[in-house]
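What follows is a single structure, written as structure tokens, with notes after it.
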Amino acid sequence: MLKLKLEENLRKQKIERIADENFLRGKQMFVYPPVVKPDQDIEVFLNKNLSTLRDEEDILILGAFNDWRWKSFTIRLNKTDLKDNWWSCQLYVPIEAYKLDFVFFNGQSVYDNNDQKDFCITVDGGMDALAFEEFLLEEKRKELEKLAKEQAERERQAEEERRIEADKAAKEEDRLQARLEVERRQETVLQLMKNAVKSNDSVWYIEPGEFKGKDLVRLYYNGSSGPLEHAKEIWIHGGYNNWKDGLSIVERLVKSGLKGGAWWYADVVVPDQALVLDWVFADGPPQNAAVYDNNHKLDFHAIVPLATPDAQYWVEEEQLIYQKLREERKLREEAIRVKAEKTARMKAETKEKTLKSFLLSQKHIVFTEPLDIQAGSTVTVFYNPSNTNLNGKPEVWFRGSFNRWSHRNGPFPPQRMLPAENGTHVKTSVKVPLDAYMMDFVFSESENGGVFDNKFGMDYHIPVFGSIVKEPPLHIIHIAVEMAPIAKVGGLGDVVTSLSRAVQDLNHNVDIILPKYDCLNLSNVKDFQFHKSYFWSGTEIKVWHGKVEGLSVYFLEPQNGFFWVGCVYGRANDAERFGFFCHAALEFLLQNGFNPDIIHCHDWSSAPVAWLFKEQYTHYGLSKARAVFTIHNLEFGAALITRAMAFADKATTVSPTYSREVAGNPAIAPYLYKFHGIINGIDPDIWDPYNDNFIPVPYTSENVVEGKRASKEALQQKLGLKTADLPLVGVITRLTHQKGIHLIKHAIWRTLERGGQVVLLGSAPDPRIQNDFVHLANQLHSSHYCDRARLCLSYDEPLSHLIYAGADFILVPSIFEPCGLTQLTAMRYGSIPIVRKTGGLYDTVFDVDHDRDRAQSQGLEPNGFSFDGADAGGVDYALNRAISAWYDGREWFNTLCKTVMEQDWSWNRPALDYLELYHAARKLE
């Protein structure tokens with residue numbers, strides 16, 4: 001006690017001395033102990049006489065730690081025994097503190113805030129600001145984990161409530177169905193009982209005449225009374241109560257010596273609950289009978305005389321029906337659930353596999369260890385300058401940041417990369433913060449810069465997993481004149497819808513602006529409703545809104561009638577119509593306060609958006625946006641495309657090879673620095689052999705052989721081809737010169753010469769070409785090839801699915817093909833593409849004999865057969881190798897089918913490429 005008292009006196013003396021010193025210096029505040037450390041109690045003192053609060057009755061301290069970011073507090077001060085009017089309060093300094101920030105006030109509106117600078121005291125010996133940042137991020141990560149668990153539990157409970165409600169509704173539905181079914185049965189049985197008889201003496205009778213359920217009776221039949229007169233044996237196939245349980249009585253009749261030997265009999269146990277017996281006679285047991293006596297298609301019916309249907313019988317009958325319905329529903333729902341889960345799992349696995357392929361696609365230049373970068377970890381970056389413009393440079397420097405160069409810590413200092421163990425690579429290590437969702441970097445030849453490798457202006461970006469911060473969504477607006485399935489003319493409509501869905505699935509915001517044609521298929525628009533009206537260029541424009549394939553769509557309907565013409569294209573004033581639409585769409589964005597990141601326009605029809613936006617709208621409210629222009633078809637609107645190329649921030653076409661093939665075009669050549677080729681994808685929900693109602697057996701890569709065999713047989717039967725195990729070549733195309741019709745004709749004959757089958761589906765817009773193929777069809781269908789060739793010269797969507805599934809090969813010999821989707825769909829169904837090396841066909845089909853290295857550079861395996869040239873020799877080279885492979889190596893061929901099915905040709909990868917392009921466009925000034 002004495003020691004504690006001495007320590008307290010000593011403490012009091014120190015505080016008195018410090019208080020006197022501060023008062024003499026005119027300082028109104030101090031703390032004790034003078035050196036503040038974390039995880040300790042301190043006392044804060046304020047001299048009321050020196051403070052702006054000298055006339056206030058109450059004094060409180062309002063504060064927090066670490067620049068007001070941690071653990072705020074408000075504490076009342078009390079007057080001390082110190083002279084000169086000092087007030088104080090006790091305060092705990094938390095272990096995470098590196099700084100104490102505070103002001104004093106009267107509890108209302110009068111403050112002493114150190115001349116607006118606030119009071120602050122450094123905390124010694126604890127965290128620094130950087131460590132505190134890491135601590136905050138870790139706390140946020142824990143909080144997010146907790147919130148995620150809570151959200152998952154809420155979703156689980158909500159799902160359970162939905163399941164209970166759905167089950168309740170299903171039970172009510174099944175009970176109602178059981179009630180209706182028992183009423184129907186009751187009415188039918190009562191009618192049968194009314195019409196049924198005990199015997200028909202010339203045909204059949206039962207002994208004894210009076211019987212009930214469970215009794216053994218003998219049923220006699222006059223074999224000479226009907227079609228079984230000459231049968232060597234006679235069987236009864238029977239049931240009860242209008243065949244309630246199907247076939248439940250099967251007995252062989254014995255020939256009777258009575259009545260001249262024409263009569264037969266069988267001993268039968270009457271089923272319990274039977275009110276009426278039902279039967280027919282046959283010349284054999286079930287499955288083996290050929291001749292029946294079914295009483296002229298009315299069946300035989302006999303009343304059970306001693307059976308009386310009471311109310312309890314029908315109650316039990318209703319319960320049995322209800323239980324059966326419940327069991328059937330349970331099995332049906334379970335099958336649906338299992339299939340849906342497998343579909344979702346396959347989609348997720350494909351998406352993950354594609355992302356890894358995306359990361360590995362630049363492995364010849366840069367990769368990381370580990371490949372999947374986790375927030376909060378340290379990652380090693382490997383770079384191979386020998387494959388870039390830094391080849392031969394004595395030094396390589398790594399310059400980077402996070403979150404699209406927007407991270408709070410800014411770019412980190414340049415790091416000199418060190419030689420790696422594996423040859424020409426250099427490496428460096430990077431600490432990834434917890435709030436990073438993207439790692440961004442470029443390379444340079446020196447610390448000060450010099451020559452850069454910035455991936456041709458795109459920079460290098462690698463996603464970071466497990467971040468506590470989500471990437472802010474981009475807002476992309478497509479202005480287009482086509483959209484599948486509501487206004488689809490060609491591939492443009494498919495791209496607008498599928499690309500938008502894929503980008504939206506990556507958590508970005510997408511809107512589409514489309515003309516409101518009077519020929520729109522509105523049955524595919526959900527929540528369609530009037531949105532508003534606005535005026536531009538003296539015309540009222542009505543705006544409608546709805547959801548198409550889960551996408552937000554604004555429909556513009558100018559009241560000048562431009563889009564009340566019954567079609568999308570084909571009017572003499574198409575350029576005027578679509579030019580008006582483009583201007584009206586930008587005006588709609590401006591007048592309604594839209595401020596998107598990207599405005600994406602397509603082909604000549606919405607090309608004017610690019611220059612109208614830059615000339616008239618960039619400086620008037622749409623300054624944040626960047627214009628992206630995609631060329632789907634270079635054949636139309638050259639002048640409009642040229643001008644759009646000049647004004648767009650970034651431009652694309654539908655495959656890398658096609659972008660090189662058209663690089664010399666005058667519309668494109670001056671703008672190659674911003675022109676990129678990105679392959680199109682297919683919609684994996686529309687083209688899905690596991691969930692395709694147009695094929696007989698659903699299949700995945702696991703059972704591709706069985707699935708395709710069933711589809712081939714169904715295709716052969718549907719088209720009247722020989723049902724045989726032969727190589728089947730499918731052709732699904734528009735019959736135009738671009739599609740290589742002379743090569744298609746040659747391939748048909750060559751396939752038949754090799755003993756294969758051919759199915760062609762397609763039509764020609766040119767009547768001369770159509771007639772030519774009609775003549776070829778007639779020639780084939782009337783020749784000895786009639787059971788191995790079928791030409792279907794019209795569009796048939798269900799048949800196209802069956803051909804993709806049933807064919808072994810799909811031939812695409814296009815003379816030019818910007819992208820091509822046929823070969824991609826073929827592979828989705830495990831059919832092997834045979835293609836000419838052009839455009840997107842070259843980018844997606846890798847020859848099994850010649851393209852292994854090229855395929856592996858894309859993270860793929862070879863997947864088809866290809867040829868150069870545009871003559872018979874070229875197509876023969878690929879076709880002969882394909883058919884020979886089918887004949888000579890079926891096991892290898894089946895493995896190839898499995899391989900191509902497991903490749904991802906959806907929009908998963910193109911969406912990632914487009915997002916990189918969008919971000920690159922946003923970096924431009």
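- Applying the salt bridge (Lys or Arg N to Asp or Glu O under 4.0 Å) test to residues at least two apart or on different chains, the pairs with a partner in residues 239-250 are Lys244-Glu317.
- Residue pairs meeting the salt bridge (Lys or Arg N to Asp or Glu O under 4.0 Å) criterion with at least one partner in residues 492-503, sequence neighbours excluded, are Lys488-Asp494, Arg501-Glu549, Arg501-Asp683, Arg501-Asp685.
- Glu916 meets the side chain to side chain contact (heavy atoms under 4.5 Å, CB included) test with Phe358, Arg404, Met458, His461; sequence neighbours excluded.
- Residues that satisfy the salt bridge (Lys or Arg N to Asp or Glu O under 4.0 Å) test with Glu713, not counting sequence neighbours, are absent from this structure.
- For Glu334, the side chain to side chain contact (heavy atoms under 4.5 Å, CB included) partners at least two apart in sequence or on another chain are Arg337, Val338.
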Could you tabulate the donor-acceptor pairs under 3.5 Å formed by side-chain atoms of residues 462-473, not counting sequence neighbours?
residue	atom	partner	partner atom	Å
Ser467	OG	Ala436	O	3.1
Ser467	OG	Val469	N	3.0
Ser467	OG	Val469	O	2.9
Glu471	OE2	His919	NE2	3.2

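- In terms of the side chain to side chain donor-acceptor pair (under 3.5 Å) criterion, residue partners of Asp692 (sequence neighbours excluded) are, by chain and number, His801, Tyr829.
- Listed by chain and number, the residues in a side chain to side chain contact (heavy atoms under 4.5 Å, CB included) with Gln529 amount to none (sequence neighbours excluded).
- Not counting sequence neighbours, the partners of His602 by the side chain to side chain donor-acceptor pair (under 3.5 Å) test are His478, His632.
- Using cut-offs of 30° and 60° on the angle between ring planes, the pair Phe135 and Trp70 is perpendicular.
- The side chain to side chain donor-acceptor pair (under 3.5 Å) search around Ser552 returns Asp511, His545, not counting sequence neighbours.
- In this structure, a donor-acceptor pair under 3.5 Å is present between the side chains of Asp435 and His407.
- The closest donor-acceptor contact from the side chain of Lys532 to the backbone of Lys542 lies at 3.5 Å or more, if one exists at all.
- Using bins of under 30°, 30° to 60° and over 60° for the plane-to-plane angle, the ring pair Trp544/Phe528 lands in the parallel bin.
- The closest side-chain donor-acceptor pair between Gln151 and Glu155 falls under 3.5 angstrom.
- Asn521 pairs by the side chain to side chain donor-acceptor pair (under 3.5 Å) definition with Ser523, not counting sequence neighbours.
- Looking at residues two or more places apart in sequence or on another chain, you find no ring pair (Phe, Tyr, Trp, His ring centres under 6.0 Å) involving Tyr795.
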